[in-house]
2 protein chains.
Amino acid sequence: MDKNDLRNKLISIATRLFAERGLNGVSIRELSNAAGVSISMISYHFGGKEGLYSSVLQEQFSSFEHIEEINNADAEALTKIEAYIRWIIVRHRNNPYLLRFYTSELTNPTQFFSLIVQPAIEKVIQILVRIIEEGISKNKFRKDLNPVDTVLAIAGMVNYYFLSTLATQELISHSPERDEVLIRHYMDIFTKGILS
Amino acid sequence: MDKNDLRNKLISIATRLFAERGLNGVSIRELSNAAGVSISMISYHFGGKEGLYSSVLQEQFSSFEHIEEINNADAEALTKIEAYIRWIIVRHRNNPYLLRFYTSELTNPTQFFSLIVQPAIEKVIQILVRIIEEGISKNKFRKDLNPVDTVLAIAGMVNYYFLSTLATQELISHSPERDEVLIRHYMDIFTKGILS
DNA sequence: AGTAAAAAATCGAACGTTCGTTTGAATATA
DNA sequence: TATATTCAAACGAACGTTCGATTTTTTACT
């Protein structure tokens with residue numbers, strides 16, 4: 001088998017299993033059995049169990065690299081904000097790793113955080129702040145808005161989506177249609193609050 | 001030592017350690033060492049490691065029982081909403097267990113969820129929905145608001161607070177003063193969106 | 001193109017460690 | 001004296017890693 005074939009296969013299997021039970025909830029024996037290889041392959045290809053877990057996390061956060069597409073669109077600030085909300089919900093809805101990383105299981109969580117997560121968050125915040133500032137400077141948004149705090153208000157709505165889809169599945173049924181209803185509702189309330 | 005003394009001591013120590021590293025990240029040897037007793041005490045008093053963990057979780061979610069105090073206050077709907085936001089932030093700020101429970105580590109997470117968490121969430125949502133409906137019926141809020149979705153928008157802001165305080169500590173410094181600024185900002189944006 | 005040598009990939013077994021639980025004796029409390 | 005609590009020791013199971021042998025793939029040379 002080609003080297004990358006097995007690597008990708010192990011990452012794929014690990015992504016599913018770690019999502020369900022976390023780093024310490026899955027053994028390398030279960031992982032290697034599911035892949036049909038011996039347990040030594042995980043140490044060989046990833047340098048150990050945590051190396052495999054880090055690869056999974058890294059892949060999960062890599063999609064944030066494409067956030068800039070939102071800002072490149074030739075649209076008004078409010079449209080960009082809605083595009084961001086829709087983009088992040090579609091891409092990351094029901095993604096357990098957005099929560100897993102908060103409840104750290106790594107031996108050195110700080111290192112992973114500063115390497116992978118913090119740059120991703122910083123990039124998103126920066127771009128959104130720029131969008132808000134653009135809206136203010138064009139007199140579309142209220143002049144007294146604090147851009148950073150406003151970004152936090154937007155991100156709050158979106159973040160709640162991950163929590164609610166994961167935690168309250170039996171309370172509130174989620175679906176693409178329900179996504180749209182909530183996005184419209186969020187934007188509706190939010191729009192009236194920030195327009196000048 | 002009195003029975004309840006040791007029980008409370010173990011729960012106290014476990015609350016701190018489990019918060020940092022999760023159920024599988026802490027061994028009963030470390031827990032019992034910290035308490036200065038033998039490891040068999042955990043099985044004796046809690047029926048095992050998961051029994052201790054469940055006791056910790058249960059205690060963390062019990063404070064939601066006091067949510068009704070918010071609704072009893074003789075105040076307008078908008079004031080109650082602000083009171084809710086302040087209440088939950090003050091009580092649960094930086095509480096890692098609000099995230100830990102989402103990334104399940106229990107052998108039977110469904111059972112704990114339906115017994116402890118779901119009733120707590122349902123109660124909070126019900127009370128907030130009632131507050132929104134009250135605001136609508138008194139012509140304070142827009143008549144076309146969907147109460148449930150509006151609650152989700154509010155809860156989104158608050159939930160984000162837990163995430164951001166835990167995850168972005170190095171990005172955005174949090175403090176009681178910062179709490180107030182953000183609460184004011186949230187309420188400011190939100191108010192303009194829901195008033196009739 | 002064919003072959004031999006080198007490198008990479010895989011395996012199975014074994015290692016030492018740590019885990020949570022159990023047990024029976026000892027101590028404290030009523 | 002009877003009951004509840006605590007202890008130290010031991011148990012078997014599971015864990016992640018390592019190691020030498022074996023197989024597969026790649027490279028180098030004719």
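All chains are named by letter (A, B, ...) in the order of the sequence lines, taking the proteins before the strands, and each is independently numbered beginning at 1.
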C:dA9 C1' sits how many Å from A:Leu10 CG, rounded?
13 Å
Rounded distance in Å - CG (A:Asn24) to C1' (C:dG20):
15 Å
List the residues meeting salt bridge (charged side-chain N to carboxylate O under 4.0 Å, His left out) with A:Arg184, not counting sequence neighbours, and say none if there are none.
A:Glu82
In whole angstroms, how far is the P atom of D:dA4 from the CG atom of B:Asp5?
18 Å
Does the side chain of A:Glu59 come under 3.5 Å of the side chain of A:Thr15 through a donor N or O and an acceptor N or O?
no
Protein-nucleic acid N or O pairs under 3.5 Å, nucleotides 13-18 of chain C:
none

Within this structure, what is the CZ-to-P distance between B:Arg7 and D:dT5, rounded to whole angstrom?
10 Å
Holding to side-chain hydrogen bond (donor to acceptor under 3.5 Å, both in side chains), I want the full list of residues that pass it with A:Arg21, two or more places apart in sequence or in another chain.
A:Glu30
Rounding to a whole Å, what distance do you find between B:Tyr44:OH and C:dA28:P?
15 Å
With sequence neighbours left out, write down each residue that passes salt bridge (charged side-chain N to carboxylate O under 4.0 Å, His left out) with A:Asp149, or none if nothing qualifies.
B:Arg178
Residues which pass salt bridge (charged side-chain N to carboxylate O under 4.0 Å, His left out) with B:Lys123, listed by chain and number, not counting sequence neighbours
none
Please report, rounded to the nearest Å, how far the C1' atom of D:dA13 is from the CD1 atom of B:Ile28.
14 Å
Candidates D:dA4, C:dT10, C:dC11 - which lies nearest the side chain of A:Val37
C:dC11
Sequence neighbours excluded, the answer for salt bridge (charged side-chain N to carboxylate O under 4.0 Å, His left out) partners of A:Glu20 is none
Figure out the CG/P separation between B:Asn8 and D:dT5, and round it to whole Å.
14 Å
Could you give the CG-to-C1' distance, from A:Leu31 to C:dT10, as a whole number of Å?
17 Å
N/O (side chain, A:His45) to phosphate O (OP1/OP2, C:dA8) under 4.0 Å
no
